[in-house]
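Below: the structure, in structure tokens.
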Amino acid sequence: MTTTQDRGDEAPTGQIARALAVLEAVAAGGSSTARTIADATAIPLPTVYRIAQELIRAGYLVHLRDEQRFALGYQLHLLAVGLHEDLGIPRAVREEVHAMHRDLGMASYLAIHRGTDFVVVHVSDSPQSPRLSPMGFGFHESPHATAFGKVGLSALGLEERDAYLDGRVLRAHTPNTLTDALELRRQLEEIAERGIAWEHEEFRAGTDCLAASIKADDGMLIGSVAVSAPVTAYAGRVRHVEDRVRACASRAGRAYRLGAHHA
């Protein structure tokens, strides 16, 4: 049987990395015993107890004494509120994304351009039209393989785009993923002209995605709205889906320009 001690090489090193690992383990597993956290993180049990006590003092964990478990603390709520305020998602934009999900019967996303990242900040989905895993809040990986990521890359200046792509290994998520930087650059030029980006089974086999850019008054990219669905869901209505996603992006842009930053 493998023990926590045997897995010592897997354990995060450094106080901050270990504290974050403990928080992430509790977030993933719900209220947890110290043993459960140690098993999940490969951090020795005495160290888990010590880190947990520090996190409790800081308000990031609470101790459920009767159950002998640790749970997420209320201080994390303040961090989450601060993050959402910083992202500044107008309520009207969230409603537009939800309306698009309802109208098209496709999982719908809002991603924003944040620094050099293109981050998913809102998803509207349902059991009948689930989101594309793992595209939840905060997802920003592999922009070359996602529709909203391509919209973001297409908006970069040539120097920024070259700096991003030069020397970077473009991971192949499926056989359809564009891993040739020259071909990707050509496609990004087309996306910049059209304002929409298609992703045909490039992130997940069997699923297509479409994104449209959200622009500020000065033409700068704010973000994008996107949909994902099985390939068959687009049959016979590609134009309709494109028009609906463009309309959502246009209305979202108007809401951002009006500064409707309602929680």
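Scope of the values below: all heavy atoms of this structure, side chains included, with no hydrogens, waters or symmetry mates.
- Ion pairing between Arg246 and Glu242 fails under the 4.0 Å rule for side-chain N and carboxylate O.
- Ring centroid separation for the pair Phe148 and Phe203 does not come in under the 6.0 Å cut-off.
- Taking each heavy atom of Val151 and Ser213 in turn, the nearest pair found is CG1-CB, 3.6 Å.
- No donor-acceptor pair closer than 3.5 Å links the side chain of His140 to the backbone N or O of Gly149.
- Rounding to the nearest 0.5 Å places CG of Asp217 at 14.5 Å from OH of Tyr256.
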**Request:** Output, in order, the C-alpha distance, side-chain angles, deciding distance and verdict of salt bridge (Lys or Arg N to Asp or Glu O under 4.0 Å) for Arg254 and Glu96.
**Result:** CA-CA 11 Å; Arg254 186 182 311 122; Glu96 287 293 344; over 6 Å; no
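- Side-chain atoms of Arg257 do not come within 3.5 Å of backbone N or O of Ala216 as any donor-acceptor pair.
- Scanning both residues, Tyr49 and Ala34, for their nearest heavy atoms gives CZ-CB, 3.5 Å.
- A salt bridge does not link Arg237 to Asp103: none of the charged side-chain nitrogens sits closer than 4.0 Å to a carboxylate oxygen.
- Rounding to the nearest 0.5 Å places OG of Ser126 at 11.5 Å from CZ of Arg102.
- A donor-acceptor pair under 3.5 Å is formed between the side chain of His101 and the backbone N or O of Met106.
- Distance check: Gln15 CD to Ile51 CD1 gives 6.0 Å after rounding to the nearest 0.5 Å.
- Taken from CG in Leu76 to CG in Leu61, the straight-line distance is 7.5 Å, to the nearest 0.5 Å.
- Side-chain contact of Ser124 with His98: a donor-acceptor pair under 3.5 Å is present, judged by distance alone.
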**Request:** In sequence, state the C-alpha distance, the side-chain angles, and the governing distance for Phe137 and Val123, and then conclude on side-chain contact (heavy atoms from CB on, under 4.5 Å).
**Result:** CA-CA 7 Å; Phe137 180 89; Val123 181; over 6 Å; no
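- Remark: Gln68 CD to Ser32 OG distance equals 13.5 Å, nearest 0.5 Å.
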**Asked** Can you check side-chain contact (heavy atoms from CB on, under 4.5 Å) on Leu55 and Val22, steps first, answer last?
**Response** CA-CA 9 Å; Leu55 291 171; Val22 170; 4.0 Å; yes
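- With Arg204 contributing its side chain and Ser133 its backbone, the two residues share a donor-acceptor pair below 3.5 Å.
- If you chain together hydrophobic residues whose side chains sit under 4.5 Å apart, Leu64 and Leu72 never meet in one group.
- Residue Ile43 is grouped with residue Ile56 when hydrophobic side chains (ILVMFWY) are merged at heavy-atom distances under 4.5 angstrom, including chains of intermediate members.
- Salt-bridge annotation for Glu189 and Arg194: absent, with no side-chain N of the basic residue lying under 4.0 Å from a carboxylate O of the acidic one.
- Contact of the Phe70 side chain with the Leu23 side chain is not registered, since no non-hydrogen atoms from C-beta on lie closer than 4.5 Å.
- Residues Met135 and Thr146 form a side-chain contact, since some pair of their non-hydrogen atoms from C-beta on lies under 4.5 Å apart.
- Here the closest heavy-atom approach between residue Thr179 and residue Ala172 is recorded as CG2-CB, 3.8 Å.
- A donor-acceptor distance shorter than 3.5 angstrom exists from the side chain of Tyr109 to the backbone of Leu132, with no hydrogens or angles considered.
- By the 6.0 Å contact criterion, CG on Leu78 is enclosed, its count of non-hydrogen atoms from other residues, nucleotides or ligands being greater than 12.
- Contact record, Phe139 with Pro134: CD1-O, 3.6 Å, taken as the closest heavy-atom pair.
- Counting heavy atoms from C-beta on, the side chains of Pro230 and Thr207 never come closer than 4.5 Å.
- The only option from Glu202, Glu190, Glu199 that meets the side chain to side chain donor-acceptor pair (under 3.5 Å) definition with Lys150 turns out to be Glu202.
- Rounding to the nearest 0.5 Å places CG of Asp180 at 10.0 Å from CZ of Arg186.
- Between Thr47 and Arg50, the closest side-chain pair of non-hydrogen atoms falls below 4.5 Å.
- Across every non-hydrogen atom of Pro143 and Tyr164, the tightest pair is CG-OH, 2.8 Å.
- Leu156 and Leu184 fall within a single hydrophobic cluster, where Ile, Leu, Val, Met, Phe, Trp and Tyr are joined by side-chain heavy atoms under 4.5 Å apart, directly or via other members.
- Side chain of Thr177 to main chain of His173: a donor-acceptor pair is present (N/O by atom type, distance under 3.5 Å, no hydrogens or angles).
- Cluster membership check: Met100 shares its hydrophobic cluster with Val238, using side-chain heavy-atom separations under 4.5 Å among Ile, Leu, Val, Met, Phe, Trp and Tyr.
- Residue Asp66 places its CG atom among 12 or fewer non-hydrogen atoms of other residues, nucleotides or ligands, all under 6.0 Å distant.
- Side-chain contact between Val93 and Leu110: present, with at least one pair of heavy atoms (C-beta onward) separated by less than 4.5 Å.
- Following chains of ILVMFWY side-chain contacts shorter than 4.5 Å, one can reach Leu79 starting from Val26, so the two form part of one hydrophobic cluster.
- The main-chain N or O of Ala226 is never found under 3.5 Å from a side-chain atom of Ser228 such that the two would form a donor-acceptor pair.
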**Message:** Walk me through whether Ile196 and Val245 qualify under side-chain contact (heavy atoms from CB on, under 4.5 Å).
**Reply:** CA-CA 9 Å; Ile196 61 171; Val245 175; 5.8 Å; no
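- The two residues Ile37 and Ala25 make their nearest non-hydrogen contact at CG2-CB, 4.4 Å.
- Heavy-atom contacts from other residues, nucleotides or ligands closer than 6.0 Å to CD of Glu159 number 12 or fewer.
- The 12-atom threshold is exceeded at NE2 of His200, counting heavy atoms of other residues, nucleotides or ligands nearer than 6.0 Å.
- When atom types are taken as modelled, the side chain of Arg131 and the backbone of Asp125 share no donor-acceptor pair closer than 3.5 angstrom.
- Screening Ile222, Leu221, Ile112 for a side chain to side chain contact (heavy atoms under 4.5 Å, CB included) involving Ile214 leaves a single residue, Ile222.
- Judged by distance alone, with hydrogens and angles left aside, the side-chain atoms of Asp208 form a donor-acceptor pair with the main-chain N or O of Glu201 at under 3.5 Å.
- Arg69 places no side-chain N or O within 3.5 Å of a backbone atom of His63 that could act as its donor or acceptor partner.
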**Message:** Between Ile191 and Trp198, is the side-chain contact (heavy atoms from CB on, under 4.5 Å) condition met? List the steps.
**Reply:** CA-CA 9 Å; Ile191 292 169; Trp198 277 97; over 6 Å; no
